Asker: 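Quick one: structure below, then a few questions.
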Amino acid sequence: MNRAIVCIVGRPNVGKSTLFNKIVGKRIAITEDKPGVTRDRIYAEGEWLNRHFTVIDTGGLEPDNEDMIMSNIKRQAQIAIDTADVILFVVDGLEGLNTTDKEVGEILRKSGKEVILACNKIDTPKNPDEIYEFYELGFGEPMVISAEQGLGIGDLLDEIIEHFPEDVNTEEEDDLIRVAFIGKPNAGKSSLINKILGEERLIVTNIPGTTRDSIDSYFEYDDNQYVFVDTAGLRRKRSIYEKIERYSVIRTLTAVDRSNICVLVIDATEGVTEQDSKIAGYAHDNGKAMIVAVNKWDLIQKHDKTYREFEREIREKLGFINYAPIVFISALTGQRLNKLLELISIVNNNYNLRISTGVLNDIVNKAVLMNQPPSDKGKRCRIYYGTQISVQPPKFVIFVNNKELMHFSYERYLENQIRNHFGFVGSPIHFEFREKS
Ligand code: GDP
Ligand code: GDP
């Protein structure tokens, strides 16, 4: 289920960002784009009556030239129409209705989307007559608010959550980074967790099947809060262990489901096995961020090409997660465990990275110029524009004329172009192609 999205639209200076800050309160969590990148959308989490949603301020680019304002605000309105569940259309009650409001109102009304009209800057408890002119926009009675004074915000939020469609996700998302160590029995998962936590909470043993109880371990590192989701790993199929086998398969799958990041622990003495590939496949299919940790590196006789040979084997056998970084570690000696923690932090950032619509479309437009989208029987796939609609994993919606014409290989190409600019190391990237006329 997609997260509930509220977009704030309106011309410059009506109070969009003031309202945005009021709605998201202290929970503001702006993810900055790379330096030098224009930020034309601001995202944050909002919450009201235990319903959680993403608020997007579509303002940000506010040129002073009139033509630019109009084309810009039309673009914002279009993005809101294409992505929002509820559009919050803000007008200025002090200045009154103007032609820009009317044009934007027209676009929004025609879209048939849920639109809530908010008349801002009414700083007095009594409604002045001026607000009645806004009926002309065709959205009924405007919600009267003062973003600055915090008046009418509760009623506005009531109205917003009331208008969410039923099939959106409004569950709370916390800041905990849930990491699951997954892999075969004996790969060293519990040894690894023990070493990192520096305490003996898990039983470490070389007898498969003894890490019985599910324990989630909490710890903080570099200002981030982590939970290690325990897993006993997938067991080898053996008839006497049937019950245990089924139990631990379910357990591993549950651990993956509950996690944000999966660290696939591979036993260096055995190489990449079929089981590793199955587990990785499940995590990948569920859109988890991934890191490959090659453990027991202390046991490997190394020569100058050992790393590269191992890396090649992993890339060959686990080609579908080629976005996952690889780290060679030893739970026994503690070798490169710091590097692993650092990678977890980096990968988590990438998993939560947002690209502004402007930058995304620069990349997409350049990609299209270099390599035309596919065509079939004289009909060419046209890409109109793209926008990122969610994180964990980053998901991009690309608007096209005809979905049937889009190919998997072209999707791959677009993914590579985006990765060339932003990396997204460790994170999968998802695309959804939507048709629009
Ligand atoms: P944006 O360009 O639409 O994001 O507008 P801003 O949030 O930056 O606000 C523009 C100006 O309007 C700022 O000077 C705000 O202080 C002011 N403003 C915003 N909300 C209110 C309000 O409720 N009452 C009054 N009197 N001024 C407001
Ligand atoms: P799990 O089943 O994946 O949790 O694996 P364990 O943590 O129980 O480890 C299985 C066996 O491998 C134990 O005997 C560990 O001592 C050993 N082991 C784990 N990590 C390493 C390592 O980095 N180097 C060496 N030499 N042995 C390890």
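Source: prediction; values computed, not measured.
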Asker: Do Tyr385 and Asp82 meet the criterion of a side-chain donor-acceptor pair at a distance under 3.5 Å?
Answerer: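 Yes.
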Asker: Assess whether a salt bridge exists between Glu106 and Lys102, defined as any Lys/Arg side-chain N lying under 4.0 Å from an Asp/Glu carboxylate O.
Answerer: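 Looking at Glu106 and Lys102, the cut-off is not met.
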Asker: Flag the pair Lys74 and Glu103 as a salt bridge only when some basic side-chain nitrogen lies within less than 4.0 angstrom of an acidic carboxylate oxygen.
Answerer: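 Glu103 and Lys74: salt-bridged.
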Asker: Under 6.0 Å between ring centres: does that hold for Phe181 and Phe228?
Answerer: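 Aromatic pair counts; centres sit under 6.0 Å.
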Asker: Are the side chains of Gln417 and Lys366 in contact, using a 4.5 Å heavy-atom criterion?
Answerer: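 Answer no - side chains too far apart.
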Asker: Distance check, rounded to the nearest 0.5 Å: Leu49 atom CG versus Ile161 atom CD1?
Answerer: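 If we round to the nearest 0.5 Å, Leu49:CG and Ile161:CD1 are 4.5 Å apart.
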Asker: Checking Asn348 against Asn352: is there a side-chain donor and acceptor pair closer than 3.5 Å?
Answerer: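 There is such a pair (donor and acceptor under 3.5 Å, judged by atom type) between the side chains of Asn352 and Asn348.
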Asker: Tell me, do Trp48 and Ile160 make a side-chain contact under 4.5 Å, heavy atoms counted?
Answerer: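 No, too far: nothing below the 4.5 Å cut-off.
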Asker: Distance check, rounded to the nearest 0.5 Å: Ser427 atom OG versus Ile261 atom CD1?
Answerer: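 Between atom OG of Ser427 and atom CD1 of Ile261 there are 9.0 Å.
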Asker: Is the shortest side-chain N to carboxylate O distance from Asp101 to Arg11 below 4.0 Å?
Answerer: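 Looking at Arg11 together with Asp101, the answer is yes, because their closest N to O distance falls below 4.0 Å.
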Asker: With sequence neighbours excluded, what pairs up with Lys317 under the salt bridge (Lys or Arg N to Asp or Glu O under 4.0 Å) test?
Answerer: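 Listed in chain order: Glu313.
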Asker: Atom CD1 in Ile329, atom CG in Asn295: separation rounded to 0.5 Å?
Answerer: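 Here the interatomic distance stands at 4.5 Å.
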Asker: Please tell me if the side chains of Arg3 and Phe53 come closer than 4.5 Å, counting only heavy atoms from C-beta onward.
Answerer: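 Side chain of Arg3 against side chain of Phe53, heavy atoms only: no contact under 4.5 Å found.
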Asker: At what distance, to the nearest 0.5 angstrom, does CD1 of Ile314 lie from CG of Leu264?
Answerer: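 Spacing of CD1 (Ile314) from CG (Leu264) equals 8.5 Å.
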Asker: Considering only heavy atoms from C-beta outward, does the side chain of Asp285 approach that of Phe320 to under 4.5 Å?
Answerer: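 With C-beta onward as the side chain, the pair stays apart.
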Asker: Could you label the plane-to-plane angle of the Phe422 and Phe424 rings as parallel, tilted or perpendicular, counting under 30° as parallel and over 60° as perpendicular?
Answerer: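 Phe422 and Phe424: tilted rings.
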Asker: With side chains defined as the heavy atoms from C-beta onward, is the minimum distance between Lys436 and Gln78 less than 4.5 Å?
Answerer: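 Yes, their side chains come closer than 4.5 Å.
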Asker: Do the non-hydrogen side-chain atoms of Ile145 and Cys119 ever get within less than 4.5 Å of each other?
Answerer: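 No. Closest side-chain heavy atoms not under 4.5 Å.
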Asker: Taking side chain as C-beta onward, heavy atoms only, is Pro373 less than 4.5 Å from Leu405?
Answerer: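 Pro373 does not reach Leu405 side chain to side chain.
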Asker: Does a donor on one side chain and an acceptor on the other come within less than 3.5 Å for Tyr282 and Asp257?
Answerer: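 The criterion, which ignores hydrogens and geometry beyond distance, is satisfied for Asp257 and Tyr282.
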Asker: For the residue pair Ile266 and Val292, establish whether any side-chain heavy-atom pair is separated by less than 4.5 Å.
Answerer: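 Side chain of Ile266 against side chain of Val292, heavy atoms only: contact under 4.5 Å found.
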